[in-house]
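Since the model is a prediction, treat every value here as computed from it, not as a measurement. Computation of the quantities below employed the complete heavy-atom set of this structure, encompassing side-chain atoms and omitting hydrogens, waters and symmetry-equivalent molecules.
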Amino acid sequence: MSGTIAKSDRPTCAPSRAARELDLKRGEFDLAVNLGLIRTVPDEGGGGRRVARAEIDRLRSRDGFPDTLRERVATAGTHEGAEIMDVAPTRFTSLARFGLLVPVRFYLNRYRTVVWLYLAGELRQFAAEKGNARLLTGRMPAEVREGLKAKLDRRPRNWRGRHAGFLLRQAGDDPWAHAAAVACLLDPADVADVVEDPYERDHLNRCRPRLPAHGAPGSPTAERAQKLMTASEPDEVAWFRADLAHTMETARRQHPAPRPAPEPAPSVPAPQHTPPHGLLGWLRRRGRRPTR
């Protein structure tokens with residue numbers, strides 16, 4: 001455990017400070033929040049999520065802190081995961097591509113190769129289950145071999161499904177936050193097709209959660225990562241679209257999207273009396289009536 005950290009008088013902490021007080025790296029902290037191990041609260045100033053001091057105290061008071069918390073967010077790549085499961089890296093990759101091992105994070109290395117990361121605890125659990133013994137030794141089952149022969153790779157889709165669950169947990173009962181969590185995993189064209197009203201789309205974007213950043217915005221790395229984070233398979237896209245449409249109906253009923261106040265109608269000046277010109281006007285201004 002690290003040295004004592006002076007406590008703030010504020011009832012909540014920013015994520016960076018909370019991570020330090022919990023002896024976690026920022027990536028470990030974010031994963032712990034996603035997994036529901038660390039509870040967060042909305043920032044009243046609209047600056048994202050924060051962690052209550054009471055939550056930090058609760059976690060620090062647990063037996064085994066911080067090692068137990070770190071173990072629960074420990075991740076492993078292909079080679080480390082293969083060692084945990086006592087299988088060859090090629091078999092580990094085959095199981096992951098077929099969708100039996102679900103990644104929890106990913107990053108792109110300097111060659112822009114995707115590196116998938118898995119929860120170490122889940123890998124141990126998978127290897128310990130007796131029903132999975134046939135997957136760890138001997139010849140792979142026929143359905144797995146056929147899937148790999150067809151170049152099946154469920155890792156991106158499994159990551160998206162899992163991350164959608166993370167975002168929806170944080171959204172809670174807020175229908176706009178729920179809709180934004182789904183929308184951020186769809187192509188913008190699909191979102192525009194489902195949510196036609198531009199004011200609703202603007203409000204949806206303001207509620208949009210942050211997806212993991214990969215590389216500088218607009219870089220090839222960022223573009224590839226964005227492609228991985230965007231639903232692509234037809235049935236997956238259809239499911240997200242249907243969920244977005246359903247949640248938007250609830251959001252419209254409960255809290256309609258803000259709209260600019262209608263512009264007031266231009267005022268028409270009242271007609272002013274124009275004194276008559278010429279002799280008639282001259283007589284009237286002197287109180288004389290014109291003679292016939």
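A salt bridge links D197 with R259: at least one charged nitrogen is closer than 4.0 Å to a carboxylate oxygen. Of the charged side-chain nitrogens involved, none lies within less than 4.0 Å of a carboxylate oxygen, so that R105 and D30 do not count as a salt-bridged pair. Of the charged side-chain nitrogens involved, at least one lies within less than 4.0 Å of a carboxylate oxygen, so that R160 and E236 count as a salt-bridged pair. Comment: R112 does not engage E223 in a salt bridge, judged by the lack of any side-chain N to carboxylate O separation of less than 4.0 angstrom. Between R241 and D187 there is no salt bridge, since no side-chain nitrogen of the basic residue lies less than 4.0 Å from a carboxylate oxygen of the acidic one.
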Discussion item. Please evaluate residues R157 and E233 with respect to the criterion salt bridge (Lys or Arg N to Asp or Glu O under 4.0 Å), reporting the C-alpha separation (whole Å), side-chain torsions for both, the decisive distance (0.1 Å), and the verdict.
Written reply: CA-CA 8 Å; R157 176 172 180 160; E233 299 181 25; 2.7 Å; yes

Worksheet entry | Verdict with supporting geometry, Y118 and F92, ring pair (Phe, Tyr, Trp, His ring centres under 6.0 Å) | CA-CA 11 Å; Y118 307 81; F92 182 94; 5.2 Å; yes

Practice prompt. Take R224 and V114 through the side chain to side chain contact (heavy atoms under 4.5 Å, CB included) test and state the conclusion after the steps.
Written response: CA-CA 9 Å; R224 181 164 190 200; V114 183; 3.9 Å; yes

Worksheet item: Yes or no on side chain to side chain contact (heavy atoms under 4.5 Å, CB included) for I56 and V51, after CA distance, side-chain angles and deciding distance?
Response: CA-CA 7 Å; I56 294 174; V51 182; 3.8 Å; yes

Discussion item. Please evaluate residues E28 and K25 with respect to the criterion salt bridge (Lys or Arg N to Asp or Glu O under 4.0 Å), reporting the C-alpha separation (whole Å), side-chain torsions for both, the decisive distance (0.1 Å), and the verdict.
Written reply: CA-CA 5 Å; E28 293 174 330; K25 297 177 182 177; 5.4 Å; no

Worksheet item: Do L204 and V195 pass the side chain to side chain contact (heavy atoms under 4.5 Å, CB included) test, and can you show the C-alpha distance, the side-chain angles, and the key distance before you say yes or no?
Response: CA-CA 9 Å; L204 206 57; V195 186; 4.2 Å; yes

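Heavy atoms only, all atoms of each residue included: P141 and R134 are closest at CG-NH1, 3.1 Å. Taking both residues in full, the closest heavy atoms of P217 and A222 are given as CA-CB, 4.4 Å, listed atom of the first, atom of the second, then distance. Across V73 and L31, no two heavy atoms sit closer than the pair O-CD2, 3.5 Å. Here the closest non-hydrogen pair linking M229 and P212 is CE-O, 3.7 Å. In this structure, L186 and A231 approach most closely via the heavy-atom pair CD2-CB, 4.5 Å. In terms of heavy atoms, A257 sits closest to Y199 at CB-O, 4.0 Å.
A donor and an acceptor atom, one from each side chain of T250 and Q254, are nowhere located under 3.5 Å apart.
Hydrophobic clustering (ILVMFWY, side-chain heavy atoms < 4.5 Å, transitive): L228 and V191 are in one cluster. Note on L69: it clusters hydrophobically with V33, by side-chain heavy-atom contacts below 4.5 Å among ILVMFWY residues. The hydrophobic cluster containing W116 also contains V144, counting ILVMFWY residues as joined when their side-chain heavy atoms lie under 4.5 angstrom apart, directly or transitively. Note: the hydrophobic cluster containing L37 does not contain L167 (ILVMFWY, side chain heavy atoms under 4.5 Å, direct or indirect links). Hydrophobic clustering (side-chain heavy atoms under 4.5 Å, transitive across Ile, Leu, Val, Met, Phe, Trp, Tyr) groups L35 together with L24.
In this structure, the side chains of M248 and L244 come closer than 4.5 Å at one or more pairs of heavy atoms. For the pair L117 and P103, the minimum side-chain heavy-atom distance is 4.5 Å or more. L123 places a side-chain heavy atom less than 4.5 Å from the side chain of L101. A heavy-atom distance below 4.5 Å is found between the side chains of V182 and L168. Annotation: side chain of H178 is in contact with side chain of D243 (closest heavy-atom distance under 4.5 Å). A 4.5 Å side-chain heavy-atom check between L211 and H163 finds at least one atom pair inside the cut-off. Here the side chains of E146 and L152 are not in contact, with every heavy-atom distance at 4.5 Å or above. Residues R252 and E200 are in side-chain contact: their nearest non-hydrogen atoms beyond the backbone lie under 4.5 Å apart.
Side-chain N or O atoms of R49 include one that pairs as donor or acceptor with a backbone N or O of T40 at under 3.5 Å. Looking only at distances, no side-chain donor or acceptor of R208 sits under 3.5 Å from a matching main-chain atom of A181. Checking side-chain atoms of R50 against main-chain N and O of P15 turns up no donor-acceptor pair under 3.5 Å. A distance-only check finds a donor-acceptor pair linking the side chain of R201 to the backbone of E196 [under 3.5 Å]. With hydrogens and angles disregarded, a donor-acceptor distance shorter than 3.5 Å links the side chain of E55 to the backbone of R39. Checked by atom type and distance alone, the side chain of R154 pairs as donor or acceptor with a backbone atom of F98 at under 3.5 Å. In this structure a side-chain-to-backbone donor-acceptor pair under 3.5 Å is present from R145 to M140. A distance-only check finds a donor-acceptor pair linking the side chain of E80 to the backbone of G77 [under 3.5 Å]. With hydrogens and angles ignored, the 3.5 Å screen pairs no side-chain donor or acceptor of T113 with any backbone N or O of N109. Looking at S61, its side chain does come within 3.5 Å of a backbone N or O of D57 through a donor-acceptor pair.
To the nearest 0.5 angstrom, F65 atom CZ is 11.5 Å from R58 atom CZ. With values rounded to the nearest 0.5 angstrom, N205 atom CG is found 9.0 Å from C207 atom SG. Distance OG1/T221 to OH/Y111: 13.0 Å, rounded to 0.5 Å. Rounding to the nearest 0.5 Å gives a distance of 10.5 Å between CD of E129 and CG of L135. Expressed to the nearest 0.5 Å, how far CZ of R97 lies from CG of L95 amounts to 12.0 Å. Atom-to-atom distance recorded for R162:CZ and N34:CG is 10.0 Å, nearest 0.5 angstrom.
Around the OH atom of Y107, the shell of radius 6.0 Å holds no more than 12 heavy atoms that belong to other residues, nucleotides or ligands. Other residues, nucleotides and ligands contribute over 12 non-hydrogen atoms within 6.0 Å of the CZ atom of R91. By the neighbour-count criterion of 12 heavy atoms within 6.0 Å, atom CG of D86 is sparsely surrounded, having that number or fewer from other residues, nucleotides or ligands. When the shell of 6.0 Å around CG of D173 is examined, it contains 12 or fewer heavy atoms from other residues, nucleotides or ligands.
When ring centroids are compared, H255 and W176 stay outside the 6.0 Å threshold.
Below 30°, between 30° and 60°, or above 60°: for W159 and F106 the angle between ring planes is above 60°, a perpendicular geometry.
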